[in-house]
Q: 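Below you'll find the structure I mean.
Every chain is numbered from 1, with letters handed out A, B, ... down the list of sequences.
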Number of protein chains: 2
Amino acid sequence: MLSFSEENYLKTIYHIEQFQPDGVSTNAIAKKIQTKASSVTDMLKKLAAKQLIIYEKYQGVQLTKEGKKIALKVIRRHRLWEYFLVKKLNYRWDEVHEIAEQLEHIKSKTLIDNLEEFLRFPKFDPHGDPIPDKNGKMILTKTISLLELKVGQKGVLDSLKDSSDAFLKYLNKKNLALRDRIKVIDIEPYDNSVHIETKTHQLLISKKVAENLNIKV
Amino acid sequence: MLSFSEENYLKTIYHIEQFQPDGVSTNAIAKKIQTKASSVTDMLKKLAAKQLIIYEKYQGVQLTKEGKKIALKVIRRHRLWEYFLVKKLNYRWDEVHEIAEQLEHIKSKTLIDNLEEFLRFPKFDPHGDPIPDKNGKMILTKTISLLELKVGQKGVLDSLKDSSDAFLKYLNKKNLALRDRIKVIDIEPYDNSVHIETKTHQLLISKKVAENLNIKV
DNA sequence: ATATATTTTTAGATAAGACTAAAAAAATAT
DNA sequence: ATATTTTTTTAGTCTTATCTAAAAATATAT
């Protein structure tokens with residue numbers, strides 16, 4: 001049985017791997033997990049000894065099949081609990097991360113499957129991210145970042161590249177929500193900002209924000 | 001903020017204090033928490049330094065006001081989560097303890113109050129134990145053990161002195177549930193066993209079992 | 001009252017996971 | 001190609017919560 005900390009590392013490596021498929025660096029993990037590189041190295045050795053990652057000094061790491069399986073279990077738990085918190089306990093999408101970070105490590109053979117059934121098998125969490133099923137399978141939606149849309153093109157806000165509370169609060173303030181239909185009115189070539197229109201209002205979106213919005217066209 | 005382990009000690013001391021109001025012994029704690037007396041001593045020093053217990057070498061401990069407050073918070077969380085597991089996730093009363101032991105240590109300012117509201121402010125957990133409210137107040141029901149009833153006397157099974165999974169499974173097997181009306185048919189003076197009758201069947205209850213059944217007369 | 005048994009504490013060790021500081025390796029720049 | 005910077009690892013330390021073994025205090029029994 002893995003520790004809280006080991007599970008966290010596996011989950012984190014999985015997430016970074018989505019963007020860095022051929023080797024996740026020690027520093028990248030340290031940054032995401034808010035710890036020191038030396039602590040990461042220690043843990044990588046431990047996970048490698050358990051055959052959950054492939055680790056060669058200075059080379060970055062990759063999850064093994066087993067490591068990936070465990071990472072997906074943790075992600076499944078995290079996303080189901082987030083769904084529970086929002087749908088049943090009336091939390092906002094920007095309030096659930098910290099609590100789900102703890103709940104995702106509760107150990108039980110049956111708990112998460114029972115929770116999933118209670119929630120009636122949701123397929124996406126409150127941030128639009130897909131929830132892996134019992135076998136680790138999830139619905140992968142093809143999206144592009146808002147930055148890639150042309151003037152006049154339309155799409156739907158599907159999910160986020162950055163789900164930090166800070167970004168979620170920004171979207172709250174700007175009245176942008178998942179499933180909103182978006183049309184690009186204009187693109188400013190100088191700073192890559194995007195002028196968009198939703199059903200209810202118009203908005204100016206900076207490059208930084210635009211690249212964190214995943215659009216289904 | 002207290003650790004998982006510190007919270008567990010406070011909760012355990014609170015429970016033992018119900019039966020040993022003037023000083024909880026190191027060994028009693030060690031037994032309940034499944035650890036060694038020396039480990040308990042270490043922790044007692046720590047809790048005393050934090051002013052959560054009154055501890056004098058060799059004298060046993062007592063919770064301070066603050067220690068009791070925290071213990072009741074942990075018990076509140078435990079019982080609300082047990083209620084959730086049974087009422088929402090369809091667990092049986094003998095399956096929830098281990099999971100609630102973990103859930104009770106989730107840290108959040110708002111989680112447990114939101115859960116309580118979602119569950120519509122239950123006053124008793126699945127084992128008949130009262131759930132402390134936000135302020136630590138709970139409904140204390142006057143009960144006596146089945147052993148104290150006279151022949152011919154009636155009462156209702158209200159709660160249990162022992163809520164171990166083993167005892168709960170025993171009650172399942174014997175078809176005894178909370179709220180069952182019970183009448184004492186006969187008492188065997190030789191071994192203090194009790195012959196009882198419920199709405200549906202008659203049963204012979206050993207002394208050991210009888211003293212763990214709390215009856216509201 | 002004294003011997004014996006039990007309980008509790010102390011001392012020292014261990015494991016997990018983090019840290020700092022310094023060394024080693026790899027990447028980048030001139 | 002060499003110097004510089006950045007990244008990663010190593011070595012050693014710290015904290016938390018355990019443990020064992022031995023010592024000290026308390027309780028029990030004769």
Side-chain angles (χ1 to χ4, degrees), chain A residues 1-13 16-17 19-63 67 70-71 74 101-102 104-107, chain B residues 1-13 16-17 19-63 67 70-71 74 101-102 104-107:
Chain A
M1 184 129 300
L2 296 187
S3 71
F4 187 109
S5 196
E6 289 168 324
E7 285 189 347
N8 255 341
Y9 273 90
L10 291 175
K11 181 189 68 169
T12 302
I13 294 167
I16 302 173
E17 235 176 29
F19 303 94
Q20 244 76 51
D22 33 46
V24 174
S25 76
T26 302
N27 261 0
I29 299 169
K31 196 178 163 189
K32 193 125 191 194
I33 245 168
Q34 301 255 62
T35 185
K36 300 290 167 181
S38 55
S39 309
V40 175
T41 302
D42 287 347
M43 182 57 90
L44 294 183
K45 286 177 184 168
K46 231 171 92 177
L47 294 173
K50 293 191 179 184
Q51 317 241 44
L52 299 172
I53 59 171
I54 296 158
Y55 169 61
E56 261 192 286
K57 271 191 192 180
Y58 298 102
Q59 295 317 123
V61 297
Q62 282 179 295
L63 292 174
I70 295 172
V74 179
E101 283 291 301
Q102 299 176 62
E104 74 187 14
H105 300 294
I106 301 289
K107 261 81 184 169
Chain B
M1 186 129 298
L2 296 187
S3 72
F4 188 108
S5 197
E6 289 168 324
E7 286 189 345
N8 255 340
Y9 273 89
L10 292 175
K11 180 188 68 171
T12 302
I13 293 167
I16 302 173
E17 236 176 29
F19 302 96
Q20 244 76 50
D22 32 46
V24 174
S25 76
T26 302
N27 259 2
I29 299 169
K31 195 178 165 190
K32 193 123 189 197
I33 243 167
Q34 302 254 65
T35 185
K36 301 290 168 180
S38 56
S39 309
V40 175
T41 301
D42 287 349
M43 183 56 89
L44 294 183
K45 287 177 184 168
K46 232 170 92 177
L47 293 174
K50 293 190 179 185
Q51 316 242 45
L52 300 172
I53 59 172
I54 294 158
Y55 168 62
E56 261 193 286
K57 272 192 191 181
Y58 298 103
Q59 296 317 123
V61 297
Q62 282 179 295
L63 293 175
I70 295 172
V74 179
E101 284 291 302
Q102 298 177 64
E104 74 188 15
H105 301 293
I106 300 290
K107 262 84 185 167

Q: Please list, pair by pair, any protein nitrogen or oxygen found under 3.5 Å from a nitrogen or oxygen in nucleotides 23-27 of chain C.
A:
from   : atom 1 : to    : atom 2 : distance (Å)
C:dA25 : O4'    : A:Y58 : OH     : 3.4

Q: Let me know the distance between CD of A:E56 and C1' of D:dT7, rounded to the nearest Å.
A: 17 Å

Q: Rounded to the nearest 0.5 Å, what separates atom CE in A:M43 from atom CD1 in A:I33?
A: 7.5 Å

Q: To the closest 0.5 Å, what do you measure between CG (B:L10) and CG (B:L2)?
A: 6.5 Å

Q: Indicate whether OP1 or OP2 belonging to D:dT6 is found under 4.0 Å from a side-chain N or O atom of A:N27.
A: no

Q: Could you check how far CG of B:L44 sits from P of C:dT10, rounded to whole Å?
A: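 Atom CG in B:L44 sits about 11 Å away from atom P in C:dT10.
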
Q: Separation of B:L47 atom CG from D:dT16 atom P, in whole Å?
A: 13 Å

Q: Measure from CD1 on A:I53 to C1' on D:dT8 and round the result to the nearest Å.
A: 14 Å

Q: Between B:E7 (CD) and D:dT16 (C1'), how many Å, whole number?
A: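 Rounded to whole Å, this separation is 15 Å.
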
Q: Round to a whole Å and report the spacing from CG of A:D42 to P of D:dT15.
A: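 In whole Å, D:dT15 P lies 17 Å from A:D42 CG.
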
Q: Does any N or O in the side chain of A:Q102 come within less than 3.5 Å of the main-chain N or O of B:K107, such that one atom is a donor and the other an acceptor?
A: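 Judged by distance alone, yes, a pair lies under 3.5 Å.
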
Q: Using a heavy-atom cut-off of 4.0 Å across all strands, would you classify B:S39 as base, sugar-phosphate, or nothing?
A: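 Touches a base.
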
Q: Between B:S25 and C:dT7, does any side-chain N or O lie under 4.0 Å from OP1 or OP2?
A: no

Q: At what distance, to the nearest 0.5 angstrom, does CD1 of B:I54 lie from CD of B:Q59?
A: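 B:I54 CD1 to B:Q59 CD: 12.5 Å, rounded to 0.5 Å.
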
Q: So, for A:P21 and A:Q62, which heavy atoms are closest and what is the spacing to 0.1 Å?
A: O-NE2, 3.1 Å

Q: Between D:dT9 and A:Y55, is there an OP1 or OP2 to side-chain N/O distance shorter than 4.0 Å?
A: yes

Q: Applying a 4.0 Å non-hydrogen cut-off, can you work out what B:K31 is touching in the nucleic acid: base, sugar-phosphate, or nothing?
A: nothing

Q: Is there a side-chain polar atom (N or O) of B:T41 under 4.0 Å from OP1 or OP2 of C:dT10?
A: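 No, B:T41 has no side-chain N/O under 4.0 Å of OP1/OP2 on C:dT10.
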
Q: Go ahead and name the base partner of C:dT4; Watson-Crick or wobble counts if both distances stay under 3.5 Å, otherwise write none.
A: D:dA27

Q: I need the CE-C1' distance between A:M1 and C:dA16, as an integer number of Å.
A: 17 Å

Q: Kindly give the heavy-atom pair with the smallest separation between B:V61 and B:E17, and that separation in Å.
A: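 Nearest pair, atom of B:V61 first, then B:E17: O-OE2, 4.4 Å.
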
Q: Can you tell me how far OG1 of A:T26 sits from NZ of A:K31, rounded to the nearest 0.5 angstrom?
A: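 Interatomic distance, A:K31 NZ to A:T26 OG1, rounded to 0.5 Å: 14.5 Å.
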
Q: Looking at NZ of A:K32 and OH of A:Y9, how far apart are the two atoms once the value is rounded to the nearest 0.5 Å?
A: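 Here the rounded value is 14.0 Å.
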
Q: Any side-chain N or O of A:T26 less than 4.0 Å from the OP1 or OP2 oxygen of D:dT9?
A: yes

Q: Is A:F4 touching bases, backbone alone, or none of the nucleic acid, heavy atoms closer than 4.0 Å?
A: nothing

Q: Which part of the nucleic acid, if any, lies within reach of A:T35 when heavy atoms closer than 4.0 Å are counted: base, sugar-phosphate only, or nothing?
A: sugar-phosphate

Q: Counting just side-chain N and O atoms, does B:S38 come under 4.0 Å of either OP1 or OP2 of D:dT18?
A: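 Negative; the distance criterion is not met.
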
Q: Want to settle it: does B:V24 or A:Q34 sit nearer the 5' end of DNA chain C, counting the closest nucleotide to each?
A: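 Looking at the nearest nucleotide for each, B:V24 comes out on the 5' side.
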
Q: OP1 or OP2 of D:dA21 sitting under 4.0 Å from any side-chain N/O of B:K36?
A: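 Negative; the distance criterion is not met.
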
Q: Please report the distance, rounded to the nearest Å, between NZ in A:K50 and C1' in C:dA16.
A: 10 Å

